[in-house]
Each structure stands twice: as structure tokens, then as C-alpha cells.
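Contents: one structure, followed by commentary.
Numbered from 1 within each chain, the chains take letters A, B, ... in sequence-line order.
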Amino acid sequence: MAEPILLAEQLRKTFIAKKGMGPKAVVEAVRGVDLRVGAGEVFGLLGPNGAGKTTTMRMLCTLLPPSGGSGRIAGFDLIRDQAEVRKRIGYVSQKGGMERVATGRENLLLQAQLYGMSRRQAVERVNVILARLKIGEFADRKTNTYSGGQRRIFDLASGIIHSPPLLFLDEPTTGLDPQSRSRVWEEVGRLHGEGATIFLTTHYLEEADALCDRVAIVDRGQVVAHGTPAELKRLVGGDTIALGFASADHAARARNVLLHSVKELVIDERALRLTVEQGDERLPIILAALNAAQLPVLTVALSRPTLDQVFLKLTGRSLTAAEPAEDAA
Amino acid sequence: MIRDAWLILKHELLVTAREPFWIFFGLFQPVVYLLLFAPFLSGIADAPGFPSENSIQFFAPGLLMMNALFQAGFAGFGLIEKLETGFLERLRVTPIDRLALVLGFVLVSTITVLVQSVLLVLAALPFGLHISLVGALLLLVLLVLVAITMGSISYALALIVKDPGILAGVTNFFILPVLLLSGIMLPIAFGPPLLQWVAAVNPLYYASDAARALLEGRLGDGSIPIAFASFVVLAALTLLWFIRTTREAVA
Ligand SMILES: Nc1ncnc2c1ncn2[C@@H]1O[C@H](COP(=O)(O)OP(=O)(O)OP(=O)(O)O)[C@@H](O)[C@H]1O
Ligand SMILES: [Mg+2]
């Protein structure tokens with residue numbers, strides 16, 4: 001593999017947080033993370049709250065000096081060549097970072113000019129981005145009047161205003177309605193199509209699945225798994241189909257019909273739970289088979305593997321119950 | 001670098017101008033002093049040892065110093081807000097020089113102080129303040145130096161403590177004694193010898209003396225070179241400190 005556009009080797013970050021006059025709290029936020037992202041890839045960093053996603057990203061953006069390890073962006077060292085790194089990246093933080101009293105347009109104009117565009121170029125570029133993200137309508141209002149979702153789209157706009165070859169997005173879709181979310185997805189897809197590399201964090205496997213070529217799952221500051229979304233899903237064995245029948249007898253007979261064609265099958269009184277790959281394609285076939293066997297299906301549910309399931313499989317802990325890493329120390 | 005500083009300055013001025021309320025709100029305190037405190041001084045203006053012929057001539061220059069001290073001394077709070085909203089982080093990830101950031105912010109608080117100072121002088125004229133034009137212009141320069149010093153300190157502290165509550169505590173802890181021992185409120189000559197000794201190492205003491213001398217047009221007063229020299233040095237040192245904290249401590 002050629003020099004990757006993003007390379008992290010044993011990246012670490014330890015925070016020493018003082019609690020008033022009391023004892024020091026040592027937080028090992030990132031504990032030896034290795035990452036390689038090739039040019040043109042969409043790469044996702046997944047993990048629960050407090051896993052170290054933001055900390056990792058901030059180190060990669062030169063905002064936070066690593067406590068150990070090293071990293072390179074397009075061949076430039078994170079510490080020695082900060083200026084060169086900064087020229088090549090865009091970063092949309094979890095918090096966003098719009099000046100509240102200024103309008104969205106003013107914020108974007110400043111951003112564009114700080115990346116070296118002339119006033120005229122900036123005005124033009126901002127118009128292009130506003131139209132593309134369909135946010136021109138409220139561009140001339142102060143950003144403190146925006147809804148959470150509107151602000152988030154503006155945050156995205158500020159990250160792409162200078163068309164960076166490498167774009168960092170920290171939870172770009174958290175708190176967005178489906179429409180805004182798909183707008184973000186669309187934009188990520190377009191940038192990807194234009195050859196940009198995108199490094200994003202998310203809590204949703206479904207989102208990683210839709211957007212990312214490869215993902216890494218982090219937990220307590222370490223990468224616990226990486227691969228394509230399909231590979232990760234294979235870890236939990238695929239999609240789940242739940243079928244409900246009128247009686248336990250029907251369920252048992254359905255089980256016999258399907259036994260040979262599915263990976264895993266669990267029977268629970270009048271319900272059957274099947275694990276299959278490509279559940280959406282398999283479901284009609286399964287229903288047809290049951291219909292042919294004269295076994296009426298009363299209820300059907302298809303669920304795709306969730307990050308929670310992958311995570312449970314990998315760490316033995318459920319995401320929803322995962323406590324923040326080392327916080328109590 | 002200059003261009004980046006200018007862009008940030010312009011943006012910040014725009015933001016400040018959008019909420020002009022704050023400029024006037026900041027002026028509220030000195031104006032209240034002018035209206036409610038200065039009249040009390042008129043009673044003691046005849047007291048032996050009182051340095052000026054009338055109370056407004058004594059008090060208005062002090063108010064200008066006080067305004068610079070407080071206005072720039074609390075500038076850090078704005079920066080903490082920018083830290084919290086992520087605005088600062090957004091600037092830091094752009095390729096601009098850290099120096100541009102520093103200059104942009106320091107200039108904003110300095111320009112605010114300048115505007116306020118001019119407004120304050122104008123407000124004091126009807127109260128019988130006499131000014132020498134040359135002296136007043138030099139005084140503005142001195143006020144700029146004080147504003148740079150206080151602004152740099154406040155900004156650097158803001159980046160270090162990162163918490164508005166702590167910043168308020170630290171700022172008040174330092175600013176009040178400095179203010180009281182500067183002779184801004186009352187002539188230091190009225191105080192006991194010990195306090196006069198302490199005041200003698202307070203650069204603001206010379207600055208407030210110099211402010212009076214400048215406004216009255218006594219350009220040869222000995223406090224003026226001391227005030228300028230000490231605040232040139234202080235402004236440079238604090239600015240360097242702010243630059244260093246910006247380069248290192250911002251997380
Ligand atoms: N400045 C800091 N000082 C002390 N501890 C910190 C600091 N920043 C982050 N941490 C700690 O480091 C750990 C990782 O935080 P980080 O923000 O990277 O998590 P995250 O994966 O982005 O979580 P989320 O999904 O909630 O955004 C957490 O335990 C957090 O409390
Ligand atoms: Mg985060």
C-alpha cells in the first residue's frame with residue numbers, strides 16, 4: 001500500500017484532570033491506536049461515549065499534542081509539520097464552532113478567507129456551498145437562532161468550504177432528522193466521488209454501513225476491531241428475521257422447513273428467530289417456502305445487526321450499558 | 001499573518017458592533033462613578049495635599065484607567081465562551097499563524113477600550129474637565145498599552161483556567177488591590193506610609209498620575225516616562241505570555 005493519507009501509530013493521550021484541590025484524576029483517553037486510511041476512502045470510527053473518538057480525532061487534527069505515538073497526514077508529521085497538515089484538512093468538531101452572534105454566511109466567509117481565498121472568491125464559494133447544501137434560506141440569520149439540525153449542516157459547510165483532501169467529521173449526524181441526515185450522507189457521498197478522503201465518527205453501525213468503506217471500533221481508548229462494515233456484521237452472523245406463528249406446533253413445523261437453509265435458528269414457543277445473510281433478499285424466499293408448506297406467518301420482523309450486537313460480541317459488554325472509560329479513577 | 005489578524009479583528013469587531021449593548025454596558029460602571037462618586041470628591045478637593053484643583057480633574061483620568069483595567073481585564077470571558085462553543089478550535093485548525101489569533105483578539109479588546117475612552121472623555125467635559133489635546137492623545141496611547149497588558153493577561157488566564165468561575169475569582173483577586181493601590185480612587189498621599197510604599201511599585205500608580213498630568217497638559221511630569229516605560233515592557237511581556245499559552249496550553 002502506498003503512503004496512506006492518514007497514518008497513526010500507537011497514538012496515545014493521557015489527560016491529567018485536576019479536581020479542584022483534590023487528587024489528580026488520570027484519564028487514559030487513547031491507549032495506543034493504530035490507523036491507516038488510504039486516499040479516497042471513507043473511514044468510520046465507531047464506539048460508545050467516552051471511547052476516545054474525539055480525542056483521537058483532535059490529535060489527528062493537530063489540536064491536541066499526543067502523549068505518545070506518532071501520526072502523519074499526507075506524509076506530514078502531526079507535530080513537526082502542523083502548518084502543512086492544517087492546509088490539507090477540514091475539521092467539523094462535535095461542538096460545531098459557529099460564532100453565535102454572526103450569521104451563518106459571515107461565519108463561512110471568515111472560514112473561507114482564513115484558508116486564503118480572496119473576499120470575492122470566498123463570496124462565490126460560500127454561495128456554491130449554500131446552494132449545494134440547501135441552506136441559503138437562513139444563511140443571513142445569526143446562528144444562535146438556528147435549530148440544532150440547521151446549525152449542524154452549517155458546521156458541515158464550514159468544514160468543506162476549502163475543499164480539503166482530508167475531511168474530519170466528528171458525529172456529523174447526531175441529532176439530525178432523517179432528511180438532514182440524508183443531506184449529510186449525500187454530501188459525504190459527493191465528496192467521496194470527488195476523491196476526498198473522509199474520516200468520521202458515529203454511534204450508528206447503520207450509518208457506517210451506508211457511508212464507510214472501512215471502520216474501526218474503539219472501546220476504552222483502543223481499537224477492538226476493524227474492517228469493512230460487512231466484515232463487522234459477519235462477526236455477529238448477519239441479519240435477524242423474527243417470525244410469529246399461531247401455535248407452537250406451527251413454529252416447530254416451520255423450523256423443520258427452514259432448518260437447512262439458514263445459519264442459525266432459535267425457537268421460542270410460537271416464535272422463530274433466524275440468523276441469515278442478506279435478510280432483505282432472503283425474507284421473501286422464506287415466506288414463500290412457508291406459504292408453500294401451508295404455515296401461515298402472523299408477524300414478521302427483519303432487523304439488521306446493530307453496533308450494539310457487534311460490540312457485545314467483541315467486548316462482552318452491551319453498548320447501552322457501557323460505563324464511561326476509566327472515569328471513576 | 002497580518003491579513004489573518006485583520007480578518008479575525010474585522011470579524012470580532014463586527015460581532016461586537018452587533019451587540020453594541022455591551023460597549024455601553026461596559027461604560028455603565030465608569031459613568032456611574034462619574035455621576036455618583038465624583039461629587040463626593042468635590043468635598044475633599046480642598047483638603048491639604050489634594051493634587052488637583054478640582055475633583056473631576058483628579059477623578060476623570062483615574063476613571064479612564066479604571067475602565068481600561070476592567071474592560072480589558074475581563075476580556076478573557078469572551079475567549080472562554082469561544083472555547084466552549086468550539087469557535088476557537090475552528091480557528092485553530094485553519095492554517096493561520098497563532099500570532100494572528102493573538103493579535104486579532106488583543107486588538108479587539110484594545111479598540112473597544114479606545115472607543116470607550118473617547119466616549120468617557122466626552123462625557124466628562126460637561127462636568128468641567130479641561131483637557132490638553134496633545135496630552136489627551138498621548139493618554140490614549142498609554143491607555144492602549146494598559147489595555148494590551150490587561151487583555152493579554154486576561155486572555156492567557158482564560159486559556160489556562162478555561163472556566164469562567166475560576167477566571168472571575170482570579171481576576172478579582174488581582175484587580176481590586178491593584179486598583180486601590182493605584183491612586184485612581186483617592187490620592188495615595190492620603191494613605192499610610194506602608195501603602196504608599198506598596199503603591200510605589202504599582203505601575204498603575206504611575207499610569208494614573210501620568211494620566212492626570214497628560215490631561216492637564218503637564219507633559220514634563222516625571223510620572224509620564226515611568227508610566228510609558230513600564231507599560232511598554234509590561235505590554236510586551238504579557239503579549240509574549242499570551243502568545244506562548246496560545247501555542248502550548250490551548251487544548
Ligand atoms: N480535556 C480533557 N481532560 C480530561 N479528560 C478528558 C478530556 N477530554 C476528554 N477526556 C476524557 O477522555 C475520554 C475520551 O473522551 P472522548 O471525548 O475522546 O470520547 P468520545 O469517544 O468522543 O465520546 P463521545 O461519543 O461521547 O463523543 C473520556 O473519558 C473523557 O472524559
Ligand atoms: Mg466525541
To the nearest 0.5 angstrom, please state how far the CZ atom of B:F87 sits from the OG atom of A:S158.
10.5 Å

Greater than 12 external heavy atoms within 6.0 Å of A:E137's CD
no

To the nearest 0.5 angstrom, please state how far the CZ atom of A:R119 sits from the CG atom of B:L7.
9.5 Å

Enclosure of B:W241 CH2 (heavy-atom neighbours >12, cutoff 6.0 Å)
yes

Highest number of heavy-atom pairs under 4.5 Å with chain A among B:G86, B:A100, B:P95 belongs to B:P95

Applying salt bridge (Lys or Arg N to Asp or Glu O under 4.0 Å), name anything that partners A:E9, two or more places apart in sequence or on another chain.
none

Apply side chain to side chain contact (heavy atoms under 4.5 Å, CB included) to the pair A:R100 and B:T85, showing each step before the final yes or no.
CA-CA 8 Å; A:R100 286 186 250 197; B:T85 58; 2.9 Å; yes

CD on B:E12 to CD on A:E99, rounded to 0.5 Å:
5.5 Å

Can you tell me which portion of A:L110 sits under 4.5 Å from chain B's heavy atoms? Options are side chain, backbone, both or neither.
side chain

Tell me which of these, A:K87, A:E106, A:K142, has more heavy-atom pairs under 4.5 Å with chain B than the rest.
A:E106

Does the pair B:E84/A:K95 count as a salt bridge with the N-to-O cut at 4.0 Å?
no

Please state whether the side chain, the backbone, both or neither of A:I89 comes within less than 4.5 Å of a heavy atom of chain B.
side chain

Donor-acceptor contact present, side-chain B:R90 to main-chain A:G159, <3.5 Å
no

Atom CZ of A:F154 with >12 non-hydrogen neighbours under 6.0 angstrom:
yes

Does atom CD1 of B:I2 have more than 12 heavy-atom neighbours, drawn from other residues, nucleotides or ligands, at distances under 6.0 Å?
no

Less than 4.5 Å to any heavy atom of chain B: does that hold for the side chain of A:T55, its backbone, both, or neither?
neither

Turns out that what part of B:L14 lies under 4.5 Å from chain A's heavy atoms comes down to side chain

For the side chain of B:R92 and the backbone of A:T62, is there at least one donor-acceptor N/O pair under 3.5 Å apart?
no

Residue pair A:A102 / B:R18: nearest heavy atoms and the distance that separates them
CA-NH1, 3.8 Å

When rounded to the nearest 0.5 angstrom, what distance separates CD in A:Q113 from NZ in B:K10?
5.5 Å

State, to 0.1 Å, how close B:T94 and A:R86 come at their nearest heavy-atom pair, and which atoms those are.
O-CD, 3.4 Å

Sort and list the pairs that fulfil ring-ring contact (aromatic ring centres under 6.0 Å, His included) and have at least one residue in residues 79-121 of chain A, not counting sequence neighbours.
A:Y115-A:H162

Where on A:D155 is there a heavy atom nearer than 4.5 Å to chain B: the side chain, the backbone, both, or neither?
neither

Does A:R80, at its CZ atom, have more than 12 non-hydrogen atoms belonging to other residues, nucleotides or ligands within less than 6.0 Å?
no

For A:R88, which atoms come within 4.5 Å of any heavy atom of chain B: side chain, backbone, both, or neither?
neither

